[in-house]
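Contents: one structure, followed by commentary.
Quick note: numbers below take in every heavy atom, side chains included, and nothing from hydrogens, waters or symmetry partners. Numbered from 1 within each chain, the chains take letters A, B, ... in sequence-line order.
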Amino acid sequence: MGPIQILFGTESGNAEMVADDIADALEGRGLEHEVSAMENFEVDLLTSADFAIFITSTYGDGELPMTTAPFHDALVTAKPDLRSLRFAAFGLGDRTYDTYNNAVTVLASTLTELGATQVGETGRHDASGGESYSDTALGWLKQLLDDVALD
Amino acid sequence: MEQHGAVDATATSDELLPWRDPEFIRAPWPWFDRVLRDHPLFELSDGTFVVSRYHDVMTYAKDRSLVSVPPEGMGDDPWAANENSVLLTEGERHSRIRRTFSGWLTPKAVRTWAETAARTAKEALDRIEDDGLIDAHRNLGVQPAQDAMAHALGVEREDGFPYIRATNQTMVAMGWQPTDDEVVRAREGFGFMMFQAERLIAEKRHNPGDGMLLDTMIRAADEGQLTERELKESIQILWGSAAHNPGHHVSSALVDFANNPHAFTAYKKDPSVREAILNETIRRALPEVLLDRFTTAPLEIHGVTIPPGAKIRFILGAALRDPDVFRNPDEFDWERPKEASMALAFGVGTHNCAGQAIARATATAVLDVITERFERVEVVGEPDWVFSDRHRNCEGLTVRLS
């Protein structure tokens, strides 16, 4: 299996911190990985990836944040064949909004429509809950790694 | 008042929070406690609605229909100086302006700027003589934050203190019915900071190309992503207010440490509690006691329909001592439940503080440096606090470190 692709899309940089936390945790388990900002990642490369972890916040009225939006647009436009890709998804949001974690739902849905297979539950951090995004993300990752064979 | 449902709007309601009373301005906490207990939502005789409880502020201040500019516009309010900035714009324009600098203020990016703050603090500590005295507000609060922003912007370091005075002048005019004199001083404060912003932009245009934040924003303006006015107001805020709240926060934290030596010791010895201690200092420092928003659509709170065009005053200073969330709110307690988030201190909703990450990182860097070298802190003389009904800040704090 090739390296796990960790892709983050963000507005204020919190999803980038989650990506780094997840990368550190994978490192600790000896799992090969690469971290990329979504806006710097060519969507065609996903056709040759085995496993990817997508992390995105939600912005404004449930919109995709600054660096997720162009990546998502590229997916929709290029329509890469993602049938060989398995992926997991983690979102950062705020439960007090009706559009709580809408962006990760939109992104996961698009990836699925392109043939990718989502594994595990979509992780969701609630900024209004008080738990740090690192703790939530690492708890979610542990569950994911317990449930899914990635190596 | 029938359209509003069950809310009192009487002359008496104006007395619940006596905005211009000097004692209220100095220590509004007993008044806040009373409205939290008895009047979680009330209407002033001028039609302003006041919301104070934590969960209400957390919920309703985020409502996307609220805006920061009154329906009649800013008029000749001194704060019209920031009408073309992230503070007073909404929607796509707000996002467009904010995105020209937000990538430089992410939690990861600010680590580099915080290293500069730590260096400035270390240099200040190196200058302490045998008596252990230091002007802490200026040297540990203001200057590290100002230098951190100088690094990010790519400009020369400068004395940050004049900007504290100027920003305090502007903040006082945000208070309730400011006097003519307060308005004049606010214009002076904005004038000073705008002049400095223009100077920095002109100097950078004369000597471009370092690829730092100011250079990048000028390029964005030259490419049409920002107007000149948006650029100038953004730089006025980034540079002019870089150290204002951070300076107050660090000063307030040092007073907290002086009054709670066990917190100083815990911070020094146990890195795992530092973030929680920092959060408690932020809750207690609260530089902006309230925020005003304006409805653009009917908004229902507790069964009361607030009409479009109304002002809602969210009392952050009350919310952060709501006893349902913060037990014994006057105590310095860093072991509060994680749900008792101090996140409100940085505002909520669209206009939450874009500088939160850099403020937290520089404060952490400075407190780390102080606690690394010293065992205790004591306040010498009286701190010089600057209060209005709206804001709380510092203009002087001397401490002895030992």
Got a second to check how far S128(A)'s OG is from K62(B)'s NZ, nearest 0.5 Å?
5.0 Å
Measuring heavy-atom distances to chain B, does D94(A) have an atom under 4.5 Å in its side chain, in its backbone, in both, or in neither?
side chain
Would you say CG of N328(B) has more than 12 non-hydrogen atoms from neighbouring residues, nucleotides or ligands within 6.0 angstrom?
yes
Carboxylate-amine/guanidinium proximity below 4.0 Å for E11(A) and R98(B)
no
T106(B) to E16(A) - nearest heavy-atom pair and separation
OG1-OE1, 4.0 Å
What part of M66(A) lies closer than 4.5 angstrom to a heavy atom of chain B: side chain, backbone, both or neither?
both
Got a second to check how far K338(B)'s NZ is from D135(A)'s CG, nearest 0.5 Å?
7.5 Å
Please classify the contact of E131(A) with chain B as side chain, backbone, both or neither, using a heavy-atom distance under 4.5 Å.
both
The reported gap from CG in D20(A) to NZ in K108(B) (rounded to nearest 0.5 angstrom) is 3.5 Å
Got more than 12 heavy atoms from elsewhere within 6.0 Å of CZ, R93(B)?
yes
Can you tell me if E300(B) has over 12 outside heavy atoms packed within less than 6.0 Å of its CD?
yes
Checking R336(B) against chain A: side chain, backbone, both or neither under 4.5 Å from a heavy atom?
neither
Output for pair (Y59(A) OH, T350(B) OG1), nearest 0.5 Å, gives 7.0 Å
If we define contacts as heavy-atom pairs under 4.5 Å, which of P107(B), S102(B), G349(B) has the most with chain A?
P107(B)
